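Worksheet: the structure to be examined is printed underneath.
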Amino acid sequence: MKNIVLFASGSGSNVENIVQYFQENSEVNISAVLTNKTQAQVLDRCNRLNINGLYFNRNAFYETDCVLDIVKTFNPDLIVLAGFLWKVPKNLIANFPNKIVNIHPALLPKYGGKGMYGNNVHEAVRANNETETGITIHYVNENYDEGAVIRQVKTSVLATDTPETIAHKVHELEYEYFPKVIEELLRGE
Ligand code: GAR
């Protein structure tokens with residue numbers, strides 16, 4: 001049995017998609033979803049999907065080993081950041097080398113770094129008249145959006161696209177590719 005621990009900060013549509021993808025797979029267990037937001041919609045999804053949903057605050061994350069200890073109890077094969085917006089602290093990175101992966105809604109190194117998340121990214125892509133954007137799945141290190149790239153997938157940006165239509169295209173790529181890449185990583189491919 002392979003265990004996945006998910007981290008999310010917002011809506012959690014990727015979390016739901018990943019949970020559904022692995023629902024029929026008896027070899028993969030979604031151990032828990034951890035969130036830094038009490039109001040995050042992802043907690044409602046956890047309730048509906050019957051998945052452990054756990055909240056932690058800034059102090060627990062950055063000043064103690066509390067979150068690390070909780071994650072360790074699940075013995076994760078992979079820690080997946082699915083719309084998680086806080087920088088991951090050293091204690092987690094040191095304890096789970098090459099086991100923490102993130103998805104970013106752009107073609108890194110473009111449109112990465114602090115403040116570049118969700119719709120901010122798509123608005124910047126539109127404002128700069130980019131002709132393509134996409135997703136980047138990468139390992140997590142101590143700097144935002146800088147770990148080694150695992151997979152990038154592109155989509156075109158048309159002159160008629162708005163930040164909303166770009167977001168839609170990017171989400172579609174996320175739903176299609178993120179669970180598959182997670183599955184490959186769990187298989188050691
Ligand atoms: C996703 O598009 C993900 O790529 C992005 O947040 C969104 C979360 O959506 N992540 C980042 O911007 C990380 N810097 P969701 O909560 O509906 O899955």
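No experiment lies behind these values; they were computed from the predicted model shown. In listed order, ligands and their atoms are each counted from 1.
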Output side-chain donor-acceptor pairs under 3.5 Å for residues 180-188, partner residues at least two apart or in another chain, one line each.
from	atom 1	to	atom 2	distance (Å)
E183	OE1	Y21	OH	2.5
E184	OE1	R151	NH2	2.6
R187	NH1	E189	OE2	3.3

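Annotation for V5: hydrophobic cluster partners, listed by chain and number, are F7, L34, L54, F56, F61, Y62, V67, L68, I70, V71, F74, I79, L81, F84, W86, V88, L92, I93, F96, I100, V140 (ILVMFWY side-chain heavy atoms under 4.5 Å, direct or chained).
Scanning the protein heavy atoms around atom 4 (O) of ligand 1, the nearest turns out to be E174 OE2, 2.4 Å. Atom 14 (N) of ligand 1 has H104 ND1, 3.4 Å as its closest protein atom, hydrogens excluded (heavy atom only). The protein heavy atom nearest to atom 8 (C) of ligand 1 is G83 CA, 3.7 Å. Protein heavy atom nearest atom 11 (C) of ligand 1, with residue, atom name and distance: P105 CD, 3.6 Å.
Around the CG atom of N128, the shell of radius 6.0 Å holds more than 12 heavy atoms that belong to other residues, nucleotides or ligands.
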message: Let's go through N141 and E146 carefully: what are the C-alpha distance in whole Å and the side-chain angles of both, what is the deciding distance for side chain to side chain donor-acceptor pair (under 3.5 Å) to 0.1 Å, and is it a yes or a no?
response: CA-CA 7 Å; N141 67 14; E146 283 185 15; 5.1 Å; no
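The existence of a salt bridge linking R58 and E63 is excluded, since no basic side-chain nitrogen approaches an acidic carboxylate oxygen closer than 4.0 Å.
The distance criterion of under 3.5 Å between nitrogen or oxygen atoms is met by S11 with respect to ligand 1. At under 3.5 Å, a nitrogen or oxygen of N14, whether backbone or side chain, sits near a nitrogen or oxygen of ligand 1. The N/O atoms of S13, backbone and side chain alike, include one that comes under 3.5 Å of an N/O atom in ligand 1.
Between the side chain of T133 and the main chain of A106, no donor-acceptor pair closer than 3.5 Å is present.
Using a 4.0 Å cut-off to heavy atoms of G118, the atoms of ligand 1 that qualify are 12 (O). Each of the following atoms of ligand 1 lies closer than 4.0 Å to a heavy atom of H171: 2 (O), 9 (O), 17 (O). Residue I103 has at least one heavy-atom neighbour below 4.0 Å for each of these atoms of ligand 1: 4 (O), 10 (N), 13 (C).
Looking only at side-chain heavy atoms (C-beta outward), Q23 and Q20 come within less than 4.5 Å of each other. When side chains are defined from C-beta on, E130 counts as touching Y111, because their heavy atoms get closer than 4.5 Å.
For G12, the heavy-atom gap to ligand 1 drops under 4.0 angstrom.
When heavy-atom distances to ligand 1 are checked against a 4.0 Å cut-off, M116 comes that close only through its backbone atoms N, CA, C and O.
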